[in-house]
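We name chains A, B, ... by the order of the sequence lines, and we start the count at 1 in each one. Treat the numbers as computed from the prediction; the structure is a model and nothing was measured.
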Number of protein chains: 2
Amino acid sequence: MSTSEPTDRYHHGDLKRALVEAALEMLVEGGAEAVGMRELARRVGVSAAAPYRHFRDKQALIQAVAAVGFERFHEAVEGARDGVPEDEQFGAMAEAYVKFALAHPRLYRLMFSAELGQFGDPDLRRAADAAYGSLALAAAKEDPERPGEAAISAWAFVHGLSMLLLDGQLLGVSIDNADPLVRALTRRAAQRIRTTHPA
Amino acid sequence: MSTSEPTDRYHHGDLKRALVEAALEMLVEGGAEAVGMRELARRVGVSAAAPYRHFRDKQALIQAVAAVGFERFHEAVEGARDGVPEDEQFGAMAEAYVKFALAHPRLYRLMFSAELGQFGDPDLRRAADAAYGSLALAAAKEDPERPGEAAISAWAFVHGLSMLLLDGQLLGVSIDNADPLVRALTRRAAQRIRTTHPA
DNA sequence: ACCTGAACACCGTTCAAGT
DNA sequence: ACCTGAACACCGTTCAAGT
């Protein structure tokens, strides 16, 4: 019962947001390949040229989608720390990292695809750095002697594991039954750092 | 001075090979985005429809390109073992793995991109498995108690590290100056496995 | 058996013109 | 200020027809 007309007409400032939302839907449904500017405009009920008032080109639109991906990603990894004893936080965050990738395969892929063009967009860069920061900090805590190396190794491990699982490269392990393996490997990775460099 | 006309005319059986070669060139020059069926046909000097006699569709062509990528990859990783004492082989192969990715960024990306469609093509699957097999075996040797876990962890680590470097995600580290870091991290990963589970 | 020409149904992007 | 209509230069793919 509000005064604003609902669905149609994006002549206010919502077209930009609506485009990103629709792009996220298209991504989830058909992968990055399926996200097209014309089809996007069609979905939102606008002319093919309209999106270009809000995004310079397709890459800019994709970057915006990736940025919201990193925000959600950040929340997921950060949230995994709540109520967890400090010495188990790294393992919990690593597990949450991989589980996010498994839960949002196409979005995760997009976040690390070449289409983003070296993360030139500052918003995207910020969102990505924030997401990584959480895990890097936890990893650095585990290995105070070589904080940089520990963070990179940990990040490489969870990212690589995520990708291999998404690609279906691990024989007998699919997205649906990966949880036990993910749990075991992330905990073991945490333990490994600690054992190598005990406090 | 041979009897066969050189450049033109692929009416024998070479069109298929010529297409894959040209696609590899286009990939190196402009990335996966730049590989198009029409442009490909143009380069090889053939009609736009001709490639479809040899590849069902674009995905099949891309899969063929990825397969030769995995073959070269396999050789590089396997070759890194030559003349290296057995207890240093894993580290050497891990380093070679990452260095291959850094030396052939677009090819490596393609090999792990979603365009390949779950590695349905048997040739591609074989080529990929052979490449992974080398490293997995070396990793399993390092940790005989949990060969599967060790192999997956090692592979995840090198793959993740490669991707992060290609994406330029590591602050201050670019493809050109990554060598020392790559060497340090791969050697440390090898050491970590050994220390955690000494023979 | 292998390739061409022409066509179909799309793209991303631009730009004058509308409101 | 924001959007439309129409156009430009492309795509991937198919299919009858040529040799």
- Query: Can you check the R42(A) CZ to dA9(C) P distance for me, whole Å?
  - Reply: 14 Å
- Message: Please tell me whether Y132(A) and Y97(A) have a donor and an acceptor in their side chains that are separated by less than 3.5 angstrom.
- Response: no
- Query: From dT13(C), dT13(D), dT4(D), pick the nucleotide closest to the side chain of A48(B)?
  - Reply: dT13(D)
- Task: Just say parallel, tilted or perpendicular for the rings of F73(A) and F100(A), cut-offs at 30° and 60°.
- Result: tilted
- When you look at CZ of R42(B), are more than 12 heavy atoms from neighbouring residues, nucleotides or ligands closer to it than 6.0 Å? yes
- Query: What is the base-pairing partner of dC3(D), counting Watson-Crick and G-U wobble geometry with both distances under 3.5 Å?
  - Reply: none
- Message: Is the phosphate of dC10(C) approached by R38(B) (side-chain N or O, under 4.0 Å from OP1 or OP2)?
- Response: no
- Query: Can you tell me how far P of dA7(D) sits from OH of Y52(A), to the nearest Å?
  - Reply: 18 Å
- Could E95(B) and R187(B) be called an ion pair, given the rule that one side-chain N must be under 4.0 Å from one carboxylate O? yes
- Task: To the nearest Å, give me how far apart CG (L61(A)) and P (dC11(C)) are.
- Result: 14 Å
- Using whole Å, report how far NZ of K58(A) lies from C1' of dC10(C). 13 Å
- Starting at atom CD1 of I62(A), determine the distance to atom P of dT13(C), rounded to an integer number of angstrom. 10 Å
- Item | From dC15(D), dC3(C), dT13(C), nucleotide with atom closest to M37(A) side chain | dT13(C)
- Item | Test item: R106(A) side-chain N/O and E29(A) main-chain N/O as donor-acceptor pair under 3.5 Å | yes
- Query: Is there a Watson-Crick or G-U wobble partner for dG12(D) with both distances under 3.5 Å, and if so, which one is it?
  - Reply: dC8(C)
- Message: Please report the distance, rounded to the nearest Å, between CG in L40(B) and P in dT13(D).
- Response: 12 Å
- Query: In terms of the nearest nucleotide of DNA chain C, which residue is placed more toward the 5' end: D57(A) or R53(B)?
  - Reply: R53(B)
- What's the closest nucleotide to the E39(B) side chain, out of dC11(D), dT4(D), dC3(C)? dC11(D)
- Task: Could you tell me the separation between the NZ atom of K16(B) and the P atom of dA1(C), rounded to a whole number of Å?
- Result: 16 Å
- Look at H54(A) and dC3(D) and indicate whether a side-chain polar atom (N or O) is within less than 4.0 Å of OP1 or OP2. yes
- Task: Starting from P on dC2(D), measure out to CZ on F55(A) and report it in whole angstrom.
- Result: 13 Å
